[in-house]
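Right, one structure below, let's go through it.
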Amino acid sequence: MTERRKILVTSALPYANGPIHLGHLVEYIQTDIWVRFQKLRGHECIYLCADDTHGTAIMMSAQRTGCTEEEWIAGISEEHQRDFAGFGVEFDNYGSTNSPENYELCKEFWQAFREAGLVKEEAVTQLFDEEKGIFLADRFVSGSCPKCGAEEQYGDSCDQCGATYSAREIINPVSTLSGTTPTVKTADHLFIQIEQLHDFLEEWTQSGTHLQTEIANYLKGHFLNEPLRDWDVSRPQPYFGFEIPDAPGHFWFVWFDAPIGYMASTKQYCDRTGEDFDGWWKDPNTEIHHFIGKDITYFHTLFWPAMLKVANFNLPEKIHIHGFLTVDGKKMSKRDGTFVKAETFLKHLNPAALRYYYASKLNNRVEDLDLNLKEFTTKVNTDLVGKVVNLASRTAKFVQEIGLAETYPDDGGLFQQGADAGNAIADAYEACDFNRAMRLIMELADRANPYVESHEPWKLRKDPERQQELQAVCTVALNLFRQIAIYLKPVLPEIAEKTDALLGEPITDWAQAATPLTGSPVAKFEHMMKRIEEKDVDAMIEESKEENAAAAEAANETQFADSPQPLIDEPLAEEITFDDFMKVDLRVARVVKAEHVEEANKLLKLTLSLGGDETRQVFAGIKKAYNPEDLEGRLVVMVANLAPRKMRFGVSEGMITAAGPGGEEVFMLGIDEGAQPGQRVH
RNA sequence: GGGCCUGUAGCUCAGUUGGUUAGAGCAGGGGACUCAUAAUCCCUUUGUCGGCGGUUCGAGUCCGUCCAGGCCUACCA
């Protein structure tokens, strides 16, 4: 075997502001599998993580629930760790960015930046919420676009005209935190002049070994083709974080201290085990691997290497970047019940099933992974229960009393083939191409079952003369099974443990897959894995839906807690008279035809009937929210006397009434049973 | 607007540096078996490899272009 590597692995630090869900788990399960693989290969490998605990959002959450930030993050940390443990994600240390270790390390980094002369102070003018007493990040500001005047625009760009601008230029800005009009304030911020590391970053990102190629290209095209802007790493108080020692009243921005949290967690690990911290972060023979989602790419591929470089620590050997999770082809949705919390999954289903399913779908590219619930059920049942576990369950009891044969019988080369496949499987694991690894392993199972089939042990056992033959066949089957269990151990540690119990020989090393077990006793076979029932999957989705509904209801009950956001986004219009109102002729109409408009992103072409032969053609911006086929036949409320308007695709002779900000969030007005097309609404 | 990625059987995907009649699993159809968690085994149907054009003796694989989908576009987590 190759020499013993020293590998430090991390997953992204989950933000301490919400529960772990199936989307998070893609990353933690992926990382955990990789780590367990490395450990099984005999390498020295540690897996570190921590909660990411700083920033405005945490402050707001603590405030809302009436506890201190420390209490808030302690509660979340406990939940997170419980959920990870539930899925067999095993960290060597789980820390927090709000730890003394992290503070000390932040100081060290900061000192290094100061000494390198990379820190610069500059005044930043920002909108300020007087009521809450905080500076407003762009996303907490809404108002009208300064270019086109479109209302309800957030932050620094307009989704109507595409203009980008500073939040300060927004017309009639409103703080989305308090609903008040923000004032303009100036504060000093500290910046890191990262451009001075441009050449280094160019070389590091483009070297071809540390990043996936699509990521390297992306960085090259977006950031490295122009001077890197200074990175704003401080926030004025109030802010939940670490106060910068040489700049009282200023705090490190959450993204400054978050990645340092990887190291703080290492520090805790070392303090606990007596290991040498520098051995992990300064020894050039140590490999550092970060697993992250594509959303935090630039922090990990530009800022983080720059920080490590300046502070003279090891650079990452590889940043493994994965895509997001979709469920049944769509983004996870609370309304559809596909936003499943880790906790909810565990109530209904076996975590091993998810580990295997993810493994069977993961590759080393930055693609999204789809959890197809139907496929999930059949794949896990067929592969794991039907093919793999079945090998043991169909043969173990035949040799329960006599144990395995003393010498390994002739199996036609099956075991050897499996041993030979070990390297290819290991390569796939190493490259994070778990999908390939799983396919290779299942090929072994697909060869093993026909072996059992053709040797018919169930017939042999009835013939007292052929007991030796029976023992031979079962010895082969159980060894083939164990070989598979070894290869699957990174994904399914529990199955491996149950195999240990069955055959009495612990699986501790990958190399064991090359040597068959002989002469050992065979214990009574115990079920290793239950089939997934479709009803359990349904129940999980149902419960997720209910959780969402309950949360929404609770929000309502707790003192009319509907968000003030809609009114903030669109304040009430000027008062009108009854006569004014009567000018608008609202009518019930039936959608008799609904069709897509070629070349239109948002529009559907609707033919509305007002009863009799009276019809209107209306173009409505609801394409992203409704399917045409679902609309046909439905009653809607339309503005029937609106002046026709010529649009690019034809004339629109009215307007459908609907609420919501637009895009996918459009909610058409319905009308109760009994209304007739043509009736006026008043 | 710019950039990146993807588009191969009903579904999920393999297809290595361009080379013979394009593959696997699942699903579907037919049969066998009964040891096993209605598991397993055997046989079997299906593809203008997104469209068009080009390079080549030869392209799913390279180039161009168009179409569709996804994602990104730093001082937002």
Side-chain angles (χ1 to χ4, degrees), chain A residues 15 17-18 52 54-58 122 124 126 137-140 154-157 162 164 166-167 189 191-192 194 212-223 225 228-235 253-255 258 294-299 301-303 323-324 326 329 331 357 360-361 363 365-372 374-379 381-398 433 435-436 438-440 442-443 445-446 448-462 470 473-474 477 525 527-533:
Chain A
Y15 200 53
N17 206 25
D52 179 15
H54 292 154
T56 313
I58 304 275
E122 203 171 278
V124 171
Q126 256 185 311
D138 287 356
R139 73 199 158 102
F140 294 129
Y154 288 84
D156 60 359
S157 69
T164 57
S166 140
H189 280 231
F191 291 79
I192 291 175
I194 197 170
Q212 288 130 301
T213 51
E214 60 260 53
I215 297 294
N217 290 342
Y218 157 70
L219 295 172
K220 193 173 183 178
H222 273 94
F223 309 106
N225 59 350
L228 295 161
R229 292 187 220 167
D230 297 335
W231 182 29
D232 184 353
V233 292
S234 80
R235 293 292 182 272
F253 175 48
V254 55
W255 266 108
K294 61 185 179 181
D295 51 333
I296 53 177
T297 295
Y298 49 76
F299 292 105
T301 56
L302 295 174
F303 299 151
F324 294 147
T326 55
K331 275 187 188 169
Y357 183 76
S360 76
K361 307 270 291 190
N363 58 30
R365 280 178 296 186
V366 195
E367 283 171 5
D368 288 355
L369 185 159
D370 186 46
L371 166 58
N372 179 308
K374 181 100 185 4
E375 186 198 33
F376 167 69
T377 308
T378 59
K379 194 174 192 77
N381 287 344
T382 305
D383 289 359
L384 296 185
V385 182
K387 290 180 182 171
V388 177
V389 171
N390 188 228
L391 276 172
S393 74
R394 71 193 303 196
T395 55
K397 72 173 184 186
F398 297 151
D433 203 349
N435 157 273
R436 185 176 173 76
M438 294 309 108
R439 248 182 309 125
L440 291 169
M442 284 311 136
E443 278 177 21
D446 282 336
N449 273 306
Y451 171 87
V452 177
E453 199 77 16
S454 64
H455 288 77
E456 301 179 310
W458 52 93
K459 283 189 183 159
L460 297 176
R461 85 178 156 142
K462 290 174 186 158
L470 172 67
V473 170
C474 294
F525 180 79
H527 264 26
M528 294 189 172
M529 189 172 201
K530 229 181 71 189
R531 297 172 61 77
I532 298 179
E533 307 266 355

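Order of the sequence lines fixes the chain letters, A, B, ..., with proteins taken first and strands second; residue numbering starts at 1 for each chain. Small disclaimer: the values here were computed from a predicted structure and weren't measured.
Heavy-atom distances to RNA chain B give each of A:Arg394 and A:Asp370 a nearest nucleotide, and the one nearer the 5′ end belongs to A:Asp370. Residue order along RNA chain B, read from the 5' end via each residue's closest nucleotide, puts A:Glu375 first among A:Asn449 and A:Glu375.
Under the side chain to side chain contact (heavy atoms under 4.5 Å, CB included) criterion, A:Glu456 pairs with A:Trp458, A:Lys459, not counting sequence neighbours. For A:Tyr298, there are no ring pair (Phe, Tyr, Trp, His ring centres under 6.0 Å) partners at least two apart in sequence or on another chain. Applying the side chain to side chain contact (heavy atoms under 4.5 Å, CB included) criterion to A:Lys294, with sequence neighbours excluded, gives A:Thr297, A:Ile321, A:Phe324, A:Val366, A:Asp368. By the ring pair (Phe, Tyr, Trp, His ring centres under 6.0 Å) test, A:His455 pairs with A:Tyr451, sequence neighbours left out. For the side chain to side chain contact (heavy atoms under 4.5 Å, CB included) test, residues two or more places apart in sequence or in another chain that qualify with A:Asp230 are A:Lys120, A:Phe191, A:Gln193. Not a single ring pair (Phe, Tyr, Trp, His ring centres under 6.0 Å) links A:Phe525 to another residue, sequence neighbours left out. In terms of the side chain to side chain donor-acceptor pair (under 3.5 Å) criterion, A:Asp433 has no residue partners (sequence neighbours excluded). Listed by chain and number, the residues in a side chain to side chain contact (heavy atoms under 4.5 Å, CB included) with A:Asn17 are A:Tyr15, A:Ala57, A:Ile58, A:Ser61, A:Trp72 (sequence neighbours excluded).
Each of B:A77, B:C26, B:U12 was ranked by its minimum atom distance to the side chain of A:Tyr298; first place goes to B:A77. Taking every side-chain heavy atom of A:Arg436 into account, B:A14 is the closest of B:C42, B:C35, B:A14. When distances are taken from the side chain of A:Phe398 to each of B:A14, B:A77, B:C35, the shortest belongs to B:C35. Relative to the side chain of A:Arg235, the nucleotides B:U12, B:C75, B:A36 differ in distance, and B:C75 lies closest. In this structure, the nucleotide among B:C13, B:A77, B:G25 sitting nearest to the side chain of A:Asp52 is B:A77.
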Would you tabulate the nitrogen or oxygen pairs shorter than 3.5 Å linking the protein to nucleotides 4-8 of chain B?
none

Identify all pairs in which a protein N or O lies below 3.5 Å from an N or O of nucleotides 37-39 of chain B, and state each distance.
from	atom 1	to	atom 2	distance (Å)
B:U37	O2	A:Arg531	N	3.4
B:U37	N3	A:Met529	O	2.5
B:U37	O4	A:Met529	N	3.3
B:U37	O4	A:Met529	O	2.8
B:A39	OP1	A:Arg531	NH2	2.9
B:A39	O2'	A:Gly386	O	3.3

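Geometric assessment of A:Arg235 against the ring of A:Phe253 yields a positive cation-pi assignment under the 6.0 Å and 45° thresholds.
The CG atom of A:Asn449 lies 8.5 Å from the NZ atom of A:Lys387; values are rounded to the nearest 0.5 Å.
Taking the six-membered ring for Trp, A:Trp255 and A:Phe303 have ring centres at least 6.0 Å apart.
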Represent RNA chain B in dot-bracket notation, 5' to 3'. Only Watson-Crick or G-U wobble pairs with both distances under 3.5 Å count; pseudoknot-style crossings use [ ] and interstrand partners use |.
(((((((..((((.....[...)))).(((((.......))))).....(((((..]....))))))))))))....

So if I define the base as every atom that isn't primed, P, OP1 or OP2, how would nucleotides 29-34 of chain B read as a B/S/- string at a heavy-atom cutoff under 4.0 Å?
----SS

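Taking atom P in both B:C42 and B:C26, the straight-line distance is 11 Å, to the nearest Å. Comparing the C1' positions of B:U46 and B:A24 gives a spacing of 15 Å, expressed to the nearest Å. One P atom belongs to B:C62, the other to B:U17, and the distance between them is 9 Å to the nearest Å.
Side-chain N or O atoms of A:Tyr357 include one that pairs as donor or acceptor with a backbone N or O of A:Asn372 at under 3.5 Å.
The shortest side-chain heavy-atom distance between A:Thr326 and A:Leu371 does not fall under the 4.5 Å cut-off. At least one side-chain heavy atom of A:Val388 sits less than 4.5 Å from a side-chain heavy atom of A:Met442.
Using a 4.0 Å heavy-atom criterion, one finds that A:Pro450 contacts the sugar-phosphate atoms exclusively.
For A:Lys294 and B:C72, the shortest distance from a side-chain N or O to OP1 or OP2 is not below 4.0 Å.
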